[in-house]
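Report on the following structure.
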Amino acid sequence: MKKRIITILVPVVLIILVAAAAIGSMLYGRFSYSKERADMDSYFGITQADDTAIVMQDEIVEEMAKYADGLCYFTLSTVEKYFTDRFYVNSDELVLLFTTDTDVVKINIGEGSNLMYISDVPEELGYRAAFYDGDVLYIAADYVQKFSNLEYYLYDEPLHVQVYTQWDEYTYATLSKKTAVRYQGGRKSAVLQELAAGDHVTILEKMENWTKVKTADSIIGYVENKFLTDESVAQRVCNTGFEELVYHNVEKEGTINLTFHQVFEEVDGNYLANALSASKSVNVVSPTWFRLSDSSGSFTSLANASYVNKAHELGIEVWALVTDVDSEDLFGVSIDFVELLSSSANRRTLIDGLMAQVDAYGLDGINIDFEKVKNPAGTHFVQFLRELSIETRKRGVVLSVDNFVPSEYTAHYNRKEQGIVVDYVIIMGYDEHYVGGGVAGSNASIDFVENGIVNTKESVPAEKIINAIPFYTRVWASGPDGLTASTLTMSSQQDWIERTGVTPVWMDEYCQNYAEYQSGDTVYQCWLEDVSSIQVKLQVMQSQGIKGVASWKLGIEDPAVWDVISAYVTQ
């Protein structure tokens, strides 16, 4: 009997033992910690031996740096995205420029980039500052630090760089015992790094059981909450010693009242005095004296000493205008702005020529009116303004630039950079509808004007903005031959109203008087520019707090408009 019981119990016990072992194994597998090591190259996205992952603040970004010559190099696109977009690159001349308010800082890309030239005076860097790898330009982090406030720490195994551009408060904790930083929150997640008791980690995100942390050498992963003790808040300290670049612009007191004076021949001071005889409170005149005549930096000049003297006698500054608008009509040439402005020699020719005129005639400023700059020339145009601003700043004369109302088609004019380096940005607040546009409409409705100012203020300080108003409008004709338009000056509007017999009606939508009539099969429409419409525009400008008003152009206005302009300027 006893044997029989034993015979029965043995298999039962074996079954129980096997089941227990299975359950134990299952429980161990479920609750034990994985020792699998993560592939750190894959973790950082490293595919080549010199790839250097970037940890920007507390996040691994998709961009990759390069390790070369024992240094860290960022791509130009990375520099522009995270640090500064103020470098200028010319791949044909193989130069990298950075322009301060007093100097052009240059390096020659490639083997010669160990020398930095400040206004052509060389300075040894001790490292290669920039080089091309294929079509990609790499710039040494140490060189970028000269022009942007960033701090970086380079680590190996694998190569990665920690970068800070902000220094704010952060929370850190101490590990109570040895533990692993894991790829994700979970015991079975792969191990990124082993940490010892007493090590500190930065807390990035705390969850129920796990916390996202960053280690001392910028590995980002997860540890269990139960291992974190002594949480504290600290202030990250900036140790770069970087001083922000300051651009000392010319600032004029009071409200600016500038009027453009279009001339096609040399005129003297008496001519100017006569043109200004009906005006009030004008304190700047901008004569169209300089016209680009080729793509090498040459221009023609209508400058006249007695004109300047008379203006100064009247208490008016002269900001002479240089333009490309008339070049094709007057000289039969279409200015190639890439050719003109991408060449350092051509830029220098144009700048030296303009400064010679400033010096010879005692001009108070230069106004840049380049209206046919296309997107490929945008970066070169901006560099031209940077370099020109150095020369105007030396002389204490104003640099102003005319701009279209902001749109996606004119973004390459880079109003943000203009707002840094030039003294005044002038919005051409007109030509909302223009000949060739295919649609009849207002030349400068109130929404168009206000949006132009508001959108410009997103990039340019209000105290640097001048809004130009039109002393003209258009008469639109819609007939059997399609849509055409003719210019109607403010001074001739009353005669047009009387001749056509129209009765203008105020339109709140545009804040303009509107007139329409039909003759035969043709319908004529006109959104008038008069004292009433200009007054509303000035009210908007006042409410937006901008620097002043400009007007295109002297001599075609209704003299009565100067009263409302004067009231705006002197209030």
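Heavy atoms only: backbone and side chains are in, while hydrogens, waters and symmetry mates are out. Along the sequence shown, residues are numbered consecutively beginning with 1.
Using cut-offs of 30° and 60° on the angle between ring planes, the pair F44 and H160 is parallel. Aromatic ring pairs are classed by plane angle as parallel below 30°, tilted from 30° to 60° and perpendicular above 60°; the pair W319 and Y424 is parallel.
Remark: R291 fails to qualify as a cation-pi partner of F299 under the 6.0 Å distance and 45° angle criteria applied to the six-membered ring. Relative to the six-membered ring of F227, K177 misses at least one condition, a distance below 6.0 Å or an angle of at most 45° to the axis. Taking the centre and axis of the six-membered ring of Y138, the NZ or CZ atom of K66 falls inside the cone set by 45° and 6.0 Å. Taking the ring axis of F131 as reference, the NZ or CZ atom of R128 stays within 45° of it and closer than 6.0 Å to the ring centre. A cation-pi geometry, defined here as NZ or CZ lying under 6.0 Å from the six-membered ring centre and within 45° of its normal, holds between R187 and Y33.
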Verdict with reasoning, K547 to E463, per salt bridge (charged side-chain N to carboxylate O under 4.0 Å, His left out): CA-CA 5 Å; K547 183 63 178 178; E463 62 271 18; over 6 Å; no
Check against salt bridge (charged side-chain N to carboxylate O under 4.0 Å, His left out), E63 and K81: CA-CA 10 Å; E63 292 82 10; K81 181 175 179 179; 2.9 Å; yes
E458 vs K416, salt bridge (charged side-chain N to carboxylate O under 4.0 Å, His left out): CA-CA, chis, key distance, verdict: CA-CA 8 Å; E458 292 180 359; K416 177 184 176 183; over 6 Å; no
Full working for side-chain hydrogen bond (donor to acceptor under 3.5 Å, both in side chains) between T174 and D230: CA-CA 6 Å; T174 304; D230 301 330; 4.5 Å; no
Candidate pair S295 and D336, rule side-chain hydrogen bond (donor to acceptor under 3.5 Å, both in side chains), full reasoning: CA-CA 6 Å; S295 299; D336 183 336; 5.7 Å; no
Step-by-step side-chain hydrogen bond (donor to acceptor under 3.5 Å, both in side chains) determination, S445 to E432: CA-CA 8 Å; S445 70; E432 177 181 2; 2.9 Å; yes
Verdict with supporting geometry, Y143 and F147, ring-ring contact (aromatic ring centres under 6.0 Å, His included): CA-CA 8 Å; Y143 191 72; F147 309 104; 5.2 Å; yes
side-chain hydrogen bond (donor to acceptor under 3.5 Å, both in side chains) between S400 and N367, intermediate numbers included: CA-CA 5 Å; S400 62; N367 175 256; 2.9 Å; yes
side-chain contact (heavy atoms from CB on, under 4.5 Å) between V358 and V397, intermediate numbers included: CA-CA 9 Å; V358 168; V397 301; 4.1 Å; yes
Step-by-step salt bridge (charged side-chain N to carboxylate O under 4.0 Å, His left out) determination, R236 to E151: CA-CA 11 Å; R236 189 165 280 123; E151 191 170 21; over 6 Å; no
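With hydrogens and angles ignored, the 3.5 Å screen pairs a side-chain donor or acceptor of K464 with a backbone N or O of G419. Using modelled atom types, no side-chain atom of N90 and backbone atom of L94 make a donor-acceptor pair closer than 3.5 Å. Side-chain N or O atoms of N455 include none that pairs as donor or acceptor with a backbone N or O of V405 at under 3.5 Å. Of the possible donor and acceptor atoms, none in the side chain of R415 sits under 3.5 Å from a partner among the backbone N and O of H412. D51 contributes a side-chain N or O that, together with a main-chain N or O of Q48, makes up a donor-acceptor pair within less than 3.5 Å. In this structure, Q544 contributes its side chain and A462 its backbone to no donor-acceptor pair below 3.5 Å. For the pair Q162 (side chain) and V55 (backbone), a donor-acceptor distance under 3.5 Å is present. Side-chain atoms of S148 do not come within 3.5 Å of backbone N or O of L150 as any donor-acceptor pair. Although no hydrogens or angles enter the test, the distance criterion places no donor-acceptor pair under 3.5 Å between the side chain of S298 and the main chain of D294. Looking only at distances, no side-chain donor or acceptor of D69 sits under 3.5 Å from a matching main-chain atom of L71.
A salt bridge between K178 and E194 is absent, with no side-chain N of the basic residue lying under 4.0 Å from a carboxylate O of the acidic one. Using a cutoff of 4.0 Å between basic side-chain nitrogens and carboxylate oxygens, K188 and E36 are not scored as salt-bridged. Ionic pairing of K252 and D423 is not present here: no N-O contact between side-chain nitrogen and carboxylate oxygen is shorter than 4.0 angstrom.
Within 6.0 Å of atom OH in Y132, more than 12 heavy atoms from other residues, nucleotides or ligands are found, so the atom counts as buried in its surroundings. For E124, the CD atom counts as densely surrounded, since its 6.0 Å shell holds more than 12 non-hydrogen atoms of other residues, nucleotides or ligands. Heavy-atom contacts from other residues, nucleotides or ligands closer than 6.0 Å to CG of D120 number 12 or fewer. Remark: Q235 CD is packed, more than 12 non-hydrogen atoms of other residues, nucleotides or ligands lying under 6.0 Å away. The neighbour count for Y183 OH, taken as heavy atoms of other residues, nucleotides or ligands under 6.0 Å away, does not exceed 12.
Annotation: side chain of T215 is not in contact with side chain of H200 (no heavy-atom distance under 4.5 Å). A 4.5 Å side-chain heavy-atom check between L228 and V201 finds at least one atom pair inside the cut-off. Considering only heavy atoms from C-beta on, Y117 stays 4.5 Å or farther from V105 through its side chain. With a 4.5 Å cut-off on side-chain heavy atoms, E417 and R86 count as touching. Looking at N467 and T456, their side chains never come closer than 4.5 Å, going by heavy atoms from C-beta outward.
None of N257, I256, V425, T255 except one satisfies the side chain to side chain contact (heavy atoms under 4.5 Å, CB included) rule with I466; the exception is I256. If you run side-chain hydrogen bond (donor to acceptor under 3.5 Å, both in side chains) between T99 and each of Q383, E387, R386, only Q383 comes through. For the ring-ring contact (aromatic ring centres under 6.0 Å, His included) with Y413, the qualifying choice from F384, F370, F381 is F381, the only one to do so.
I351 CD1 to I366 CD1: the interatomic distance, rounded to the nearest 0.5 Å, is 11.0 Å. Taken from CD in Q542 to OH in Y568, the straight-line distance is 6.0 Å, to the nearest 0.5 Å. Distance OG1/T84 to NZ/K146: 15.0 Å, rounded to 0.5 Å. The CG atom of L399 sits 9.0 Å away from atom CG of N249, with the distance rounded to the nearest 0.5 Å.
Using modelled atom types and a 3.5 Å distance limit, the side chains of T240 and N149 yield a donor-acceptor pair. Side-chain contact, S344 with E93: a donor N or O sits under 3.5 Å from an acceptor N or O. For the residue pair Q184 and S189, no side-chain donor N or O sits within less than 3.5 Å of a side-chain acceptor on the partner.
Residues F260 and W552 bring their aromatic ring centres within 6.0 Å.
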